[in-house]
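Each remark here refers to the structure printed beneath this line.
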Amino acid sequence: MSLAYHQRSHTCGELRAAHVGQTVVLAGWVAVRRDLGGMVFIDLRDRYGVTQLKFNPETDPKAHAAARDLRSEDCICIRGNVVARGAAQINPKLPTGEIEIEVHEIDVLSRAETPPFEIVDDLTTNEDLRLKHRMLDLRRSTNQRRIIARHRITKVIRDYFDRHGFLDIETPILTKSTPEGARDYLVPSRLHHGTFYALPQSPQLFKQLLMMAGFDKYMQIARCFRDEDTRGDRQPEFTQVDIEMAFAQPETVMTHVEAAMAEVWKRMLGVDTPLPIPRMRYDDAMRDYGCDKPDLRFDMKIRDVSALAGRLDFNVFREPLSRGGCVRCIVVPGGGDMTDSQLKALTEEVKGIGAGGMPLAKVTHEGGKLGLNKGVAKFFNTDALVGELCEAAGAKPGDLILFAAGSEANVCKWLSWLRIELAHRRGLVPENEWRFCWIVDFPAFGWDEEARAIFPMHHPFTSPRDEDLHLMRLDQDEPPGRDDLLNIRAKAYDLVLNGYELGGGSIRIHRGDVQARVFQILGISEAEAKLKFEFLMEALKYAPPPHGGIALGLDRIVMLITGTDNIRDVIAFPKNAKAFCPLTNAPSEVSPEQLRELAIQIRE
RNA sequence: GGGGCCGUAGCUCAAUUGGUCCAGAGCGCCGCCCUGUCACGGCGGAGGUUGCGGGUUCGAGCCCCGUCGGCCUCGCCA
């Protein structure tokens, strides 16, 4: 009876000195073969670890002969004895390094062709090749660790919510196209020619319906689909930890989510997260960091110097101010040592995201007083102005001040980008620090300058804060003007960690009149709303409970825990940056028959 | 849709300003030798239409145009 039909007795990661003397059966892949002419050593690998096998030509000539023929990545099963290594032979780099297996019997289960790349941890092969041979790429222990971490994180989260009475309920994958938000992935219907299902961008509406059904605590690890351009941290299909609760206020949801996250960080990394996680108002985040997902591991806050800048004879500052813009700056601690060529290169990069340039000044200290040089220094032409600037910016001698002038939105974008970029380049970001925060009090609506239209900051089902409800003028037929609308804040909240948005949620509208007014504000006609959200509008008629929830990006959580900035690293079978799968060659053409059944014709 | 970077053996990368480099190295691969290796070692060998198509030039891996592909980024992602 060949070895292949025996159960393996141990994994390649578990044998220790205590097992010496035992006969074991191991199975795995040949990681490395070291043929010394007589003795042959094999590192046998499975997902649990690596164990050294020893083949002795004198005691086991048959097994030894077979071992000489082995090649990288062959799959084998062996039987042998666990023996202690001599003191000089102990390998401290391996958990199993105190022992090795004297192999008596070997069964080659299958042979491997020479792999297109080596199965080693510190691999730098181009990603497309790795994705094409993903099953080989996933044999690497770094990748295995990430996939295993993903499993464990998911498990911790499920367990937390299960323990607190949440129900895991599945929602449809074939569903209805929604007009708002991202582009839908469409699935043609065979039984109803000319109509399409859409893959869900999120289970948003369904989880609300579940609240109306009375399943007051819901959670699902839900796959979501959005047909938009990808990014380093975005895939066309991704996974959300989707949560919804009835009779909930923002705090109800946030308290559960932060407790669950603290548990994940504790169990995965042994990190304690002080609770509650600090709350930061949206306006404050935008003012201090220029974005709604601040990285709080370093300071470098944005400072407003509009008043001061307006007094300078400098058109680059004056002109934007005259058009209602602002001038703000950040201070790069010790940035005075940056060379002209570095600064020039940085300027080019800022231009790349739309800035006209990068006004700057270096803070000096000469003859016992503060001074400026380089860049816009000459416009601060009195000691008083220099002092005022350094005071306003919080700059010290040796620092670099970077300015941005323009519309508030642009200034925030440029300075926020510079803040993050420089902190990273100059090593100002502490390692192993986890700075969670909640961003709260989001505006309910934003103004799209290009489309000249009001849009929902979160989504059209987000409830305004009770204090701001009056601004919606529910007692009148017409909604209020733009300025009032933009002052309405929402019961919305985002969880942010180290500059990543982990997720966002809100308390939903549960009143039909409020929902109708929101649609009216957004320019969604009654007929349109009925067509697109009829089932939701219908449900609102039957006494929905106040409810709300959140969706967390599972992929990003796993990225942060496993220390990668590439979302493809934490997905077993990801697509590339063009949403193509090099492994399966999806998407692909389909047969004319398939198209005919669907009544679909391809246009050139 | 915009911007940037990249494409040379199976893999990672070299190759002065375009000029004996009829494209090199390391790893991997193949063969031989080697009984304590663990990045084993030694000797030898195979392997390339420089992504593809044009152009400039006496001469192109290098310059120009186009095209295909990859990665990043802005827009976009309620």
Side-chain angles (χ1 to χ4, degrees), chain A residues 31-44 50-59 64 68 71-73 83 85-94 96-97 100 102 113-133 136 178-184 201-202 204-205 224-236 238 345 348-355 410 413-414 417 421 442 444-446 448 450 454-462 490 492 501 504-506 518 522 524 551 553 565-566 568 576-580 582:
Chain A
V32 187
R33 180 182 56 122
R34 290 180 293 276
D35 185 345
L36 274 60
M39 204 85 83
V40 172
F41 295 96
I42 300 279
D43 286 346
L44 189 66
V50 170
T51 299
Q52 175 165 282
L53 311 179
K54 180 176 69 171
F55 296 81
N56 188 325
E58 285 162 11
T59 58
H64 175 264
R68 296 201 82 164
R71 293 294 180 267
S72 288
E73 299 308 316
V83 298
R85 299 199 196 186
Q89 274 90 49
I90 287 175
N91 184 347
K93 285 183 281 186
L94 285 182
T96 59
E100 61 194 353
E102 258 175 10
E113 283 186 18
T114 302
F117 48 82
E118 294 166 65
I119 314 300
V120 293
D121 280 349
D122 53 348
L123 187 80
T124 49
T125 303
N126 99 59
E127 205 180 357
D128 228 43
L129 188 76
R130 286 168 39 206
L131 292 184
K132 185 176 168 67
H133 304 276
L136 293 177
T178 49
E180 306 289 315
R183 219 171 276 118
D184 285 317
Q201 295 179 26
S202 80
Q204 179 62 38
L205 295 172
C224 305
F225 307 86
R226 293 177 191 177
D227 187 6
E228 295 292 342
D229 288 358
T230 66
R231 278 296 170 76
D233 61 352
R234 294 200 315 233
Q235 281 270 296
F238 59 99
E348 288 309 309
E349 290 183 70
V350 187
K351 283 182 179 173
I353 60 170
N410 277 336
K413 178 178 158 190
W414 302 330
W417 183 87
E421 205 54 36
F442 278 84
F445 304 105
D448 184 338
E450 212 169 303
I454 291 280
F455 67 94
M457 287 287 276
H458 188 51
H459 57 53
F461 320 113
T462 305
E501 179 194 325
S506 64
V518 169
L522 297 174
I524 299 173
D565 54 9
N566 182 346
R568 295 178 293 274
N576 71 12
K578 287 274 164 60
F580 177 78

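Order of the sequence lines sets the chain letters (A, B, ...), proteins ahead of strands, with each chain counted from 1. Values below: all heavy atoms of this structure, side chains included; hydrogens, waters and symmetry mates excluded.
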Could you write nucleotides 23-34 of chain B as a row of B, S and -, 5' to 3', where a protein heavy atom under 4.0 Å of any base atom gives B, of only sugar-phosphate atoms gives S, and otherwise -?
-> ----BSSSS--B

Can you tell me if T230(A) uses its side chain to pair, donor with acceptor, with the backbone of A577(A) under 3.5 Å?
-> yes

A14(B) versus C62(B) - spacing of their P atoms, nearest Å = 16 Å

Do K54(A) and G36(B) share a donor-acceptor pair, side chain to base, under 3.5 Å?
-> yes

If you look at every strand shown and take non-hydrogen atoms under 4.0 Å, does L129(A) touch a base, only sugar-phosphate, or nothing?
-> sugar-phosphate

Who pairs with G26(B) - Watson-Crick or G-U, where each distance is under 3.5 Å | C11(B)

Would you say the side chain of F461(A) lies within less than 4.5 Å of the side chain of Q204(A), judging by non-hydrogen atoms?
-> yes

Would you say the side chain of E349(A) and the base of U73(B) hold a donor-acceptor pair, judged only by whether the two atoms sit under 3.5 Å apart?
-> no

Report which part of the nucleic acid G232(A) touches: base, sugar-phosphate, or nothing (heavy-atom distance under 4.0 Å, all strands).
-> sugar-phosphate

May I ask you to evaluate whether R34(A) reaches the phosphate of C40(B), defined as a side-chain N or O under 4.0 Å from OP1 or OP2?
-> yes

Between A23(B) and C27(B) - P atom distance, rounded Å | 22 Å

With a 3.5 angstrom cut-off on both distances, give the Watson-Crick or G-U wobble partner of U67(B), or none if there isn't one.
-> G51(B)

Using the P atom in both, what is the distance from U73(B) to G28(B), to the nearest Å?
-> 34 Å

Below 3.5 Å, does any donor atom in the side chain of E113(A) face an acceptor in the base of G10(B), or the other way round?
-> no

Can you name the nearest heavy-atom pair linking R234(A) to D229(A), along with the distance?
-> NH2-O, 2.8 Å

Listed partners of T96(A) passing side-chain hydrogen bond (donor to acceptor under 3.5 Å, both in side chains), at least two apart | none

Side chain of H64(A), backbone of G38(A): donor and acceptor closer than 3.5 Å?
-> yes

P-based separation of G45(B) from G55(B) [nearest Å] | 40 Å

Between C72(B), C77(B), U37(B), which nucleotide gets closest to the side-chain atoms of R234(A)?
-> C77(B)

How is E100(A) classified with respect to the nucleic acid when contacts are heavy atoms under 4.0 Å: base, sugar-phosphate, or nothing?
-> base

If you measure only the distance, is there a donor-acceptor pair under 3.5 Å linking the side chains of Q52(A) and R34(A)?
-> yes

For the side chain of R568(A), counting heavy atoms from C-beta on, which of C38(B), G36(B), C72(B) is nearest?
-> C72(B)

How far, in whole Å, is G53(B) from C13(B) if one measures between their C1' atoms?
-> 27 Å

How far does the P atom of G61(B) sit from the matching atom of G44(B), given to the nearest Å?
-> 31 Å

What interatomic distance, in whole Å, is found between C1' of C22(B) and the corresponding atom of C68(B)?
-> 29 Å

Starting at the 5' end of RNA chain B and moving along, which residue's nearest nucleotide shows up first, A577(A) or F461(A)?
-> A577(A)

Would you tell me if any nitrogen or oxygen in the side chain of N126(A) comes within less than 4.0 Å of OP1 or OP2 on G70(B)?
-> no

Just checking D128(A): base, sugar-phosphate only, or nothing, at a heavy-atom cut-off of under 4.0 Å?
-> sugar-phosphate

Does a side-chain N-to-carboxylate-O contact under 4.0 Å join R33(A) and D43(A)?
-> no

Quote, to the nearest angstrom, the P distance that separates G18(B) from C64(B).
-> 10 Å

Between S202(A) and E127(A), name the one whose nearest nucleotide on RNA chain B is closer to the 5' end.
-> E127(A)

Any side-chain heavy-atom pair of I119(A) and L136(A) under 4.5 Å = yes

Please determine, for the side chain of V32(A), which listed nucleotide (C71(B), C40(B), U37(B)) has the closest atom?
-> C40(B)

Would you please determine if the base of U37(B) is stacked by F41(A), with stacking meaning a centroid separation under 5.5 angstrom and planes under 30 degrees?
-> yes

With a non-hydrogen cut-off below 4.0 angstrom, is E348(A) in contact with a base, only sugar-phosphate, or nothing?
-> nothing

Without hydrogens or angle criteria, can the side chains of E100(A) and N91(A) be said to hold a donor-acceptor pair below 3.5 Å?
-> no

Below 4.0 Å: OP1/OP2 of C76(B) and any side-chain N or O of R231(A) | no

Is a donor on one side and an acceptor on the other found under 3.5 Å between the side chain of E228(A) and the backbone of R183(A)?
-> yes

Distance check: side-chain N/O of K93(A) vs OP1/OP2 of A39(B), anything under 4.0 Å?
-> yes

Heavy atoms under 4.0 Å, any strand shown: does P116(A) hit a base, just sugar-phosphate, or nothing?
-> sugar-phosphate

N566(A) CG to C72(B) P: how many Å, rounded?
-> 6 Å

Shortest side-chain distance from D229(A), nucleotide among G10(B), C76(B), C38(B) | C76(B)

